[in-house]
Colleague: 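Starting off with a structure, shown below.
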Amino acid sequence: AKDIVVPSSWADIHKGKLAMTILIRNIYLSFRDILNDPFKAYVAAGELESIDEYWEELTNMTIDLAKSQNINISIQE
């Protein structure tokens with residue numbers, strides 16, 4: 001495996017994306033177990049509604065950090 005060096009300034013964004021991935025995984029695991037724990041699935045459904053907002057926040061953080069470091073990126077909508 002090849003090690004890729006990433007500036008520490010990007011660590012928070014990376015951690016946020018990992019946290020969101022884990023959150024989405026846990027939400028879908030909760031849905032899969034709906035028959036055994038319907039309340040957990042209900043709470044997970046509420047969390048699912050916040051994913052778009054969280055993704056937008058991470059996207060804006062990425063754009064702002066890239067601009068501050070003079071990195072040109074393009075965001076597709």
Side-chain angles (χ1 to χ4, degrees):
K2 185 175 183 179
D3 289 337
I4 299 173
V5 178
V6 177
S8 60
S9 57
W10 289 86
D12 287 339
I13 292 172
H14 179 69
K15 288 178 187 177
K17 289 182 179 185
L18 287 175
M20 190 170 75
T21 301
I22 292 168
L23 175 63
I24 291 169
R25 175 191 170 274
N26 290 340
I27 288 169
Y28 283 101
L29 286 175
S30 297
F31 290 159
R32 189 171 72 183
D33 198 35
I34 194 168
L35 295 177
N36 295 322
D37 194 348
F39 183 72
K40 186 176 180 181
Y42 174 77
V43 171
E47 289 292 319
L48 186 61
E49 292 178 6
S50 67
I51 295 296
D52 284 342
E53 196 173 303
Y54 189 42
W55 178 257
E56 186 173 336
E57 180 182 330
L58 283 172
T59 300
N60 289 336
M61 287 173 60
T62 302
I63 291 168
D64 292 343
L65 183 57
K67 284 180 182 178
S68 74
Q69 296 180 356
N70 295 320
I71 299 171
N72 293 324
I73 59 173
S74 61
I75 304 294
Q76 295 179 348
E77 294 185 29

Colleague: Please say yes or no: joined through hydrophobic side-chain contacts below 4.5 Å, possibly via intermediate residues, are W10 and I63 part of one cluster?
Modeller: yes
Colleague: Honestly curious: do M61 and I73 fall in one hydrophobic cluster under the side-chain, below-4.5 Å linking rule?
Modeller: yes
Colleague: If you measure from CD1 on I13 to OG1 on T62, what distance do you get to the nearest 0.5 Å?
Modeller: 4.0 Å
Colleague: Side-chain heavy atoms under 4.5 angstrom apart, residues restricted to Ile, Leu, Val, Met, Phe, Trp, Tyr: same cluster for Y54 and I22?
Modeller: no
Colleague: Nearest 0.5 angstrom please: N60 CG to D64 CG, how far?
Modeller: 6.5 Å
Colleague: Apply side-chain contact (heavy atoms from CB on, under 4.5 Å) to the pair L65 and D12, showing each step before the final yes or no.
Modeller: CA-CA 11 Å; L65 183 57; D12 287 339; over 6 Å; no
Colleague: Can you name the closest pair of heavy atoms from I34 and A41 and give their distance?
Modeller: CG1-CB, 3.6 Å
Colleague: Kindly determine whether L18 and H14 satisfy side-chain contact (heavy atoms from CB on, under 4.5 Å), including the steps that lead there.
Modeller: CA-CA 6 Å; L18 287 175; H14 179 69; 3.4 Å; yes
Colleague: Should the heavy atoms of other residues, nucleotides or ligands under 6.0 Å from CD of E49 be counted, would the total exceed 12?
Modeller: no
Colleague: Does N26 form a side-chain contact (heavy atoms from CB on, under 4.5 Å) with E47? I'd like the steps, not just the answer.
Modeller: CA-CA 10 Å; N26 290 340; E47 289 292 319; over 6 Å; no
Colleague: Would you kindly confirm whether Y28 and M20 end up in one hydrophobic cluster when ILVMFWY residues are joined by side chain heavy atoms under 4.5 Å apart?
Modeller: yes
Colleague: Crowded around F31 CZ? As in, over 12 foreign heavy atoms under 6.0 Å?
Modeller: yes
Colleague: For W55, look at atom CH2 and say whether over 12 heavy atoms of other residues, nucleotides or ligands are found less than 6.0 Å away.
Modeller: no
Colleague: Nearest 0.5 angstrom please: L58 CG to K15 NZ, how far?
Modeller: 13.5 Å
